[in-house]
Amino acid sequence: MTEAAPHVPVLLQPILDAVAPLSGTWIDGTMGAGGYSRALLEAGASHLIGLDRDPLAHDMAAAWGAPYGDRLQTVKTVFSRMDEVATGVDGVVLDLGVSSMQLDRADRGFSFLRDGPLDMRMGDDGLTAADIVNDAPEGMLADILHRYGEERAARRIARAIIRTRTETPFVSTLQLAETVAANLPRPKPGQSHPATRSFQAIRIAVNDEFGELAEGLQAAERALAPGGWLAVVTFHSVEDRAVKRFLAARSDAGGGGSRHLPERAARAPAFEVVGKAIGPTEAEVAANPRARSARLRVARRTDAPAGTVTRRELGLPEAVISKGMS
Ligand SMILES: C[S@@+](CC[C@H](N)C(=O)[O-])C[C@H]1O[C@@H](n2cnc3c(N)ncnc32)[C@H](O)[C@@H]1O
């Protein structure tokens, strides 16, 4: 179907081990190529609700899902809205970020190595990367690069983008990658491509990934039945820290509260944390280098009422992006 290699599910076996024996209705909030969804159905879930914002994931599910009949339901939506699709579920899994198919397909515009339209949307609506790069004021661009990409040269790169776009608007990934690279030192052997941090930052902005994570964790809390499982796989330390803080805030693990979460401990815990964060084995990293930075955290829902946490409490930075930017 595509030139892309199939997506290899990451940390799948540790999830299955943690939640065994598996039963009932599960939500896979990031269906992708269906690696988790299929495994959950095979391991004993009676029903699986697969969510994904990307139409490609749904095209793929139409092919792999047929044998499961009405045990599989798919909905094209964002996972921050999962509790509008179902509540009282027995488990929720989230596997954050982009899939290999999305990264590898030049026409999706995620890659600084393959030329494609400057898009970067996981779904099919909202602002594209080109909208942001061509329209955002310099300060907003610098904020995005700094807060979402931890790019130290954010101001220099933002200035260079503004200079370039007044001559020629950005339309392609390589055009942006070249502008970024031209304003950073040449990488030493073994260092990542100079545009890595800027592309990550713009992708996070385009897809509101940090907003989705903060809202998605709370939506999972509302969607889960007492005793239901939450399993979240992250690939960036900022996201893993947010999941850790969320679970600390919503469980007993916060103890007497903390500097970040002072008033939380007084409430009845909505989750029990199960074990510590789990990373990949050496064998998994050797077989699938994408697994290198993956972290799994698992928790179990109690019968306490669902609550709220703020993005700030989770330590997720925010760069304000508004329509009609310039
Ligand atoms: C890492 S892949 C998941 C791969 C999947 N676990 C598998 O084994 O095939 C992440 C998927 O989640 C989707 N996604 C990311 N953020 C989302 C969100 N906020 N709402 C819905 N889908 C999202 C992406 O479009 C992508 O298809």
Side-chain angles (χ1 to χ4, degrees), residues 7 9-20 22 26-32 35-37 39-40 43 45 48-53 57 77-83 85-86 89-99 122 204 207-225 227-251 253-254 261 269-280 284 290-302 306-311 313-316:
H7 182 92
V10 172
L11 292 176
L12 175 57
Q13 195 55 48
I15 294 177
L16 297 176
D17 292 344
V19 305
L22 213 135
W26 281 65
I27 294 178
D28 180 350
T30 51
M31 185 169 58
Y36 284 14
S37 296
L40 292 167
L48 189 290
I49 303 170
L51 312 180
D52 204 296
R53 67 202 300 184
T77 187
V78 282
F79 57 60
S80 58
R81 305 182 71 165
M82 70 174 88
D83 58 321
V85 178
V89 302
D90 300 283
V92 170
V93 288
L94 293 176
D95 178 16
L96 300 179
V98 282
S99 68
M122 294 185 198
I204 288 171
N207 296 291
D208 186 22
E209 290 180 45
F210 291 166
E212 273 296 307
L213 177 56
E215 293 301 321
L217 292 169
Q218 294 172 85
E221 184 173 326
R222 294 190 295 272
L224 283 164
W229 295 96
L230 175 63
V232 187
V233 173
T234 59
F235 291 86
H236 293 301
S237 54
V238 173
E239 291 178 334
D240 179 53
R241 187 185 62 189
V243 176
K244 184 178 173 185
R245 282 191 185 175
F246 171 78
L247 293 177
R250 306 297 303 135
S251 74
L261 310 160
F271 283 98
E272 275 165 35
V273 175
V274 179
K276 294 193 170 174
I278 297 174
E284 178 165 6
R290 211 181 77 83
R292 198 180 46 245
S293 54
R295 286 288 171 280
L296 164 66
R297 292 186 187 268
V298 179
R300 207 152 189 200
R301 185 75 171 87
T302 69
T308 55
V309 293
T310 64
R311 181 166 167 166
E313 284 171 317
L314 301 183
L316 288 166

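- Between the CD atom of E212 and the CG atom of L316 there is a distance of 12.0 Å, given to the nearest 0.5 Å.
- Considering CZ of F79 and CG of L94, their distance stands at 5.5 Å, rounded to 0.5 Å.
- Residues E209 and L96 have side chains not in contact (no heavy-atom distance under 4.5 Å, counting atoms from C-beta outward).
- Panel note: side chain T302, backbone P269; a donor-acceptor pair is recorded below 3.5 Å.
- Counting only heavy atoms from C-beta outward, the side chains of L51 and V85 approach each other to under 4.5 Å.
- A pairwise comparison of heavy atoms in G315 and V238 identifies O-CG1, 4.3 Å as the closest pair.
- What you find for P280 and A291 is that their closest heavy atoms are CG-O, 3.2 Å.
- No salt bridge links D240 with R295; every basic N to acidic carboxylate O contact stays at or beyond 4.0 Å.
- T30 contributes atom OG1, which lies 7.0 Å from atom CG of D52 (distance to the nearest 0.5 angstrom).
- Pairing each heavy atom of S251 with each of F271, the nearest pair is CB-O, 2.9 Å.
- Within the 4.5 Å cutoff, side-chain heavy atoms of D90 are placed close to those of W26.
- How far CZ of F235 is from CG of D95: 5.0 Å, rounded to the nearest 0.5 Å.
- Atom CD of residue E239 and atom OG of residue S293 lie 10.0 Å apart, to the nearest 0.5 angstrom.
- In this structure a side-chain-to-backbone donor-acceptor pair under 3.5 Å is missing from E272 to R300.
- Remark: the backbone N or O of R81 is not paired with any side-chain donor or acceptor of E215 at under 3.5 angstrom.
- A side chain to side chain contact (heavy atoms under 4.5 Å, CB included) with V309 is found for exactly one of E221, R245, Q218, namely Q218.
- Put simply, the side chain of L230 does not reach to within 4.5 Å of the side chain of R301, judged on heavy atoms.
- Considering all non-hydrogen atoms of both residues, L247 and R297 come closest at CD1-CB, 4.1 Å.
- A heavy-atom distance below 4.5 Å is found between the side chains of V10 and R290.
- Of all non-hydrogen atoms in E284 and L11, the two that sit nearest each other are OE2-N, 2.8 Å.
- Note that the CZ atom of F246 and the CG atom of L217 stand 5.0 Å from one another [nearest 0.5 Å].
- Contact record, S37 with M31: OG-CG, 3.7 Å, taken as the closest heavy-atom pair.
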